[in-house]
Amino acid sequence: MIIGKISMRLPLVPLLLMIVNALIPGFFDDYIERLATITGEKDDLSGEVEYEASASGRRAMWRGAWYIYTHHPEYWLFGVGMDCYRGMYFEYHFDELAEALDEEDLGHVIYGGRGGKDMHNTYLDILLGGGAVTFATCVFLVGYAWFQAHAIPKKYPRIVNGVNIHNYAKAVEIGMIGYGVCIMFNTLIFNDFFYWYVIMPGILTNLAKAKLKREALGKEDEEDVMERPARKPAYAIH
């Protein structure tokens, strides 16, 4: 059912992008130009490959981190310690990185010798920092929270204490999907709203459960039973 709904809405995405690009000419040009430098863009005349350090540096850092993780079984379960990889790979794994990455990618990772580059990938941050145990726990927490938000419109009343909690649940659900995409390119320490997304579905669910319990006990609030009068606009003339 979920897959069906998603597949029905997917064709709307390119249409929306076309509308935005038509209204704002060149809106995506800079983005596409930078995106092309992640893997390198070859100049047809000179034959040189142009890289953008920030974009291609992410790809190089991901490749290096994944190589270290997969080639060291001692890191598989519990990792190297949260936020420790950046400070340790120079001392313990530099030679391995030099073998796994080409000179261009290695230069992006180590900033030309000036210091280590952040992972810029929360998934790899958690996996390499805390191992499979921590990664699986985080996936479960976020996945369960998303499932809670997704299930609220199907299981619980729309109005609770005069508030449409279905709209809140949908907002949290969409926000978590966007969050899941964005953290692919962001370092773990910048995830300020992670806890809010995990907590909010539980709060909304408990509010809905409390309403159902009040109804079962015959103690439903009068304001929820009676139809609320229409609110006049702020600009209405009294």
Side-chain angles (χ1 to χ4, degrees), residues 1-10 13 58-59 61-89 116-161 163-214:
M1 180 65 70
I2 297 176
I3 296 177
K5 289 182 178 179
I6 293 176
S7 62
M8 291 175 61
R9 294 172 183 173
L10 279 178
V13 176
R58 282 173 166 79
R59 180 183 62 88
M61 192 68 209
W62 301 346
R63 286 182 55 201
W66 181 249
Y67 180 87
I68 296 300
Y69 179 79
T70 55
H71 285 74
H72 287 270
E74 66 271 24
Y75 298 153
W76 289 355
L77 285 180
F78 301 108
V80 302
M82 299 307 295
D83 201 30
C84 293
Y85 176 66
R86 181 185 181 187
M88 67 169 285
Y89 65 75
K117 186 177 181 64
D118 272 321
M119 189 82 71
H120 290 294
N121 187 316
T122 297
Y123 297 108
L124 284 176
D125 268 331
I126 297 174
L127 179 62
L128 190 57
V133 173
T134 304
F135 184 80
T137 302
C138 289
V139 170
F140 172 78
L141 287 174
V142 176
Y144 181 71
W146 178 87
F147 179 79
Q148 274 190 309
H150 181 75
I152 286 174
K154 300 178 180 180
K155 297 173 61 176
Y156 301 109
R158 179 183 299 272
I159 304 299
V160 175
N161 296 333
V163 177
N164 188 334
I165 65 169
H166 287 192
N167 286 343
Y168 280 97
K170 291 175 182 177
V172 171
E173 181 185 357
I174 295 172
M176 291 185 72
I177 294 174
Y179 169 83
V181 174
C182 292
I183 63 175
M184 178 84 179
F185 307 95
N186 198 18
T187 301
L188 176 63
I189 60 176
F190 297 120
N191 285 269
D192 296 333
F193 296 99
F194 171 80
Y195 304 102
W196 288 106
Y197 284 134
V198 174
I199 292 171
M200 284 303 297
I203 295 175
L204 295 173
T205 299
N206 285 332
L207 288 174
K209 287 182 177 179
K211 175 182 174 64
L212 293 179
K213 185 176 181 180
R214 291 196 304 269

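Keep in mind it's a predicted model, so treat the numbers as computed, not measured.
For the residue pair V160 and A208, the shortest heavy atom distance occurs at CG2-CA, 4.2 Å. Considering every non-hydrogen atom in both M88 and V80, the closest pair reads SD-CB, 3.5 Å. The two residues G202 and Q148 have their closest heavy-atom pair at N-OE1, 3.6 Å. Contact detail for P153 and A149: the closest heavy-atom pair is CD-O, 3.5 Å.
In W62, the CH2 atom is crowded: over 12 heavy atoms of neighbouring residues, nucleotides or ligands sit closer than 6.0 Å. Heavy atoms from other residues, nucleotides or ligands lying under 6.0 Å from CG of D83 number 12 at most.
Residue pairs meeting the side chain to side chain donor-acceptor pair (under 3.5 Å) criterion with at least one member in residues 127-144: none, sequence neighbours excluded. The salt bridge (charged side-chain N to carboxylate O under 4.0 Å, His left out) analysis of residues 63-72, with sequence neighbours excluded, yields the pairs R63-D105.
Note: M61 CE to D125 CG = 8.5 Å, rounded to the nearest 0.5 Å. Here the straight-line distance linking atom OG1 of T187 with atom CE of M119 works out to 8.5 Å at 0.5 Å rounding. Note that CD1 of I177 is 14.0 Å distant from OH of Y179, once rounded to the nearest 0.5 Å. To the nearest 0.5 Å, atoms NZ (K211) and CG (N161) are separated by 7.5 Å. To the nearest 0.5 angstrom, H71 atom NE2 is 9.5 Å from W76 atom CH2. Between the OG1 atom of T122 and the CE atom of M184 there is a distance of 10.5 Å, given to the nearest 0.5 Å.
Remark: side-chain polar atoms of H166 are paired, donor with acceptor, to backbone N or O of Y156 under 3.5 angstrom.
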*Where do Y197 and W146 land on the side chain to side chain contact (heavy atoms under 4.5 Å, CB included) test, with the steps shown first?*
CA-CA 8 Å; Y197 284 134; W146 178 87; over 6 Å; no

### Task
Please report the C-alpha distance between L124 and Y85 in whole Å, then the side-chain angles of each, then the deciding distance to 0.1 Å, and finally whether the side chain to side chain contact (heavy atoms under 4.5 Å, CB included) criterion is met.
CA-CA 10 Å; L124 284 176; Y85 176 66; over 6 Å; no

Donor-acceptor pairs under 3.5 Å, side chain of residues 126-133 to any protein atom, not counting sequence neighbours: which ones?
none

